[in-house]
Amino acid sequence: MKKIKIHFRTVIALFVVFAMLVPSLFIPVSAAELYLGDVDLSGNIDSVDSLTIQRYSVGLIKLNAQQLLCADVNFDGSVDTLDSLLVLRNSVGLEQFSLKNNKNLPSNLKIKEIKIDQIQEILRLVNQERKKRNLAPLTLDKKLSSLSETHAKEISTMSDIDHRRADGRDWSTLLSDSKYPFMTAGENIAGGSPEAEVIFKLWMNSPAHRDHILSPKFHKIGIGHYYRANSTYDDYWVQIFTD
C-alpha cells in the first residue's frame with residue numbers, strides 16, 4: 001500500500017512539472033487577442049516570456065503555433081536566444097517591436113503593433129501637447145492601462161461607445177472594483193481607427209476630451225485598445241486619468 005501512494009504522488013508531481021514546462025499549450029486564444037512578445041499568452045510581456053523562449057531554444061519545452069507566432073519578435077523565421085533578449089529588453093522599456101515593413105506577416109498580427117507601438121505614440125502625443133502648455137508629463141500606469149483595455153473590450157460588445165460598462169454601471173467602477181486609489185479621475189473613449197494620431201485628433205477636437213488630456217490635476221494615465229472584427233467600430237480606445 002505504501003508503494004502505491006509513492007507512485008501516485010510521483011505521477012501527480014510529474015503532471016505538475018509538465019504543466020509548468022508547457023505554458024498555455026492547450027489554451028485556445030483568438031488571433032485578435034495575441035500580442036507580439038507575449039509568448040506565454042498571459043496578457044503581459046515580461047521576463048517570464050523571455051525565459052519561455054530561452055527554454056524553447058534549448059529544447060526544454062514545446063510551443064504551439066500561436067506562441068511561436070508571438071515569439072519571433074525580430075521576424076527572422078526562427079525563435080532563438082536573440083528573441084529572448086529582445087523580449088527581456090522590451091519588458092524593461094529598452095526595446096520596442098514594430099510590424100512595419102514586414103510584408104510576409106500574417107494579417108492577424110496587425111493588432112500587435114497597436115499594443116506595443118501605437119499606445120506609446122498616444123502617450124507621446126499627450127505629453128507633447130502638455131509640454132506646449134508647461135504642464136507636467138503624465139506617467140503611463142500599467143494598472144490603469146489594464147483597466148482601460150478592459151473597458152475598451154467591454155465597449156466593443158455594445159452598439160455604441162459609452163462611458164457606461166457592459167453591465168450598465170459607470171466606468172469609474174473599474175477603479176473602485178480594483179481598489180485603485182485616486183481622488184480625481186477622468187476617462188476618454190473613442191473608436192473607428194487603429195492609428196494613434198487619428199484617435200488623438202478626435203480627442204483634441206472635443207473640448208471635454210481635450211480638458212482631460214490637458215488637466216493639471218492629472219499625473220497618471222492608462223491607455224487601452226481592443227480590436228473586435230465586424231463590430232460597430234472595430235477598434236476601440238480608452239484613456240483613464242488619475243491624480
Side-chain angles (χ1 to χ4, degrees), residues 6-121 123 140-143 145-150 152-153 194 196 222-229 235:
I6 294 173
H7 179 69
F8 178 74
R9 289 173 180 173
T10 303
V11 171
I12 294 297
L14 288 173
F15 179 80
V16 171
V17 170
F18 176 77
M20 293 176 65
L21 288 175
V22 192
S24 308
L25 188 59
F26 304 110
I27 301 175
V29 181
S30 70
E33 294 174 328
L34 293 176
Y35 296 115
L36 190 63
D38 181 19
V39 185
D40 63 356
L41 309 180
S42 67
N44 296 306
I45 300 172
D46 51 31
S47 58
V48 175
D49 296 297
S50 177
L51 178 60
T52 300
I53 296 176
Q54 279 280 16
R55 297 168 79 183
Y56 170 81
S57 68
V58 295
L60 291 179
I61 62 172
K62 293 182 179 180
L63 299 179
N64 63 29
Q66 292 171 325
Q67 291 173 304
L68 289 171
L69 205 60
C70 296
D72 184 16
V73 297
N74 62 355
F75 315 110
D76 65 354
S78 64
V79 176
D80 49 33
T81 54
L82 179 56
D83 294 299
S84 175
L85 175 61
L86 293 174
V87 169
L88 184 60
R89 286 172 57 83
N90 175 274
S91 70
V92 296
L94 296 177
E95 191 79 34
Q96 284 192 358
F97 311 135
S98 176
L99 305 179
K100 296 176 181 178
N101 303 318
N102 287 279
K103 298 178 181 179
N104 297 325
L105 292 177
S107 59
N108 63 5
L109 282 177
K110 177 183 178 183
I111 190 68
K112 298 179 186 61
E113 185 174 1
I114 295 169
K115 173 84 174 185
I116 297 162
D117 200 344
Q118 296 297 295
I119 284 178
Q120 290 293 329
E121 177 63 8
L123 178 65
L140 187 65
D141 185 274
K142 186 176 182 179
K143 180 63 176 179
S145 291
S146 177
L147 294 175
S148 297
E149 187 171 341
T150 294
K153 186 175 183 178
I223 305 170
H225 170 272
Y226 190 77
Y227 172 79
R228 186 181 293 275
D235 292 277

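For this chain, numbers begin at 1 and follow the sequence in order.
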Provide the closest heavy-atom pair for [X] versus [Y] in the form atom of the first, atom of the second, distance.
{"X": "A196", "Y": "E121", "answer": "CB-CG, 3.7 Å"}
{"X": "V48", "Y": "D40", "answer": "CG1-OD2, 3.5 Å"}
{"X": "V87", "Y": "I53", "answer": "CG2-CD1, 3.7 Å"}
{"X": "R228", "Y": "K153", "answer": "NH2-O, 4.0 Å"}

## Note on the structure
Exactly one candidate in I119, L140, L123 meets side chain to side chain contact (heavy atoms under 4.5 Å, CB included) with S145; the answer is L140
Going from [atom1] on [X] to [atom2] on [Y], what distance comes out if it is rounded to the nearest 0.5 angstrom?
{"X": "L69", "Y": "L63", "atom1": "CG", "atom2": "CG", "answer": "11.5 Å"}
{"X": "D46", "Y": "L88", "atom1": "CG", "atom2": "CG", "answer": "10.0 Å"}
{"X": "L60", "Y": "Q54", "atom1": "CG", "atom2": "CD", "answer": "10.0 Å"}

### Side chain S50, main chain L85, donor-acceptor under 3.5 Å
no
### Task
Using modelled atom types only, decide if a donor and an acceptor are shared between the side chain of D72 and the backbone of V79 within a distance under 3.5 Å.
no
### T81 side chain near D83 side chain, heavy-atom distance below 4.5 Å
no
### Message
C70 vs Q67, test: side chain to side chain contact (heavy atoms under 4.5 Å, CB included). Steps then yes/no.
### Response
CA-CA 5 Å; C70 296; Q67 291 173 304; 5.8 Å; no
### Task
Name all residues meeting the side-chain contact (heavy atoms from CB on, under 4.5 Å) criterion together with L82; count only those two or more places apart in sequence or in a different chain, and write none if there are none.
N74, D80, L86
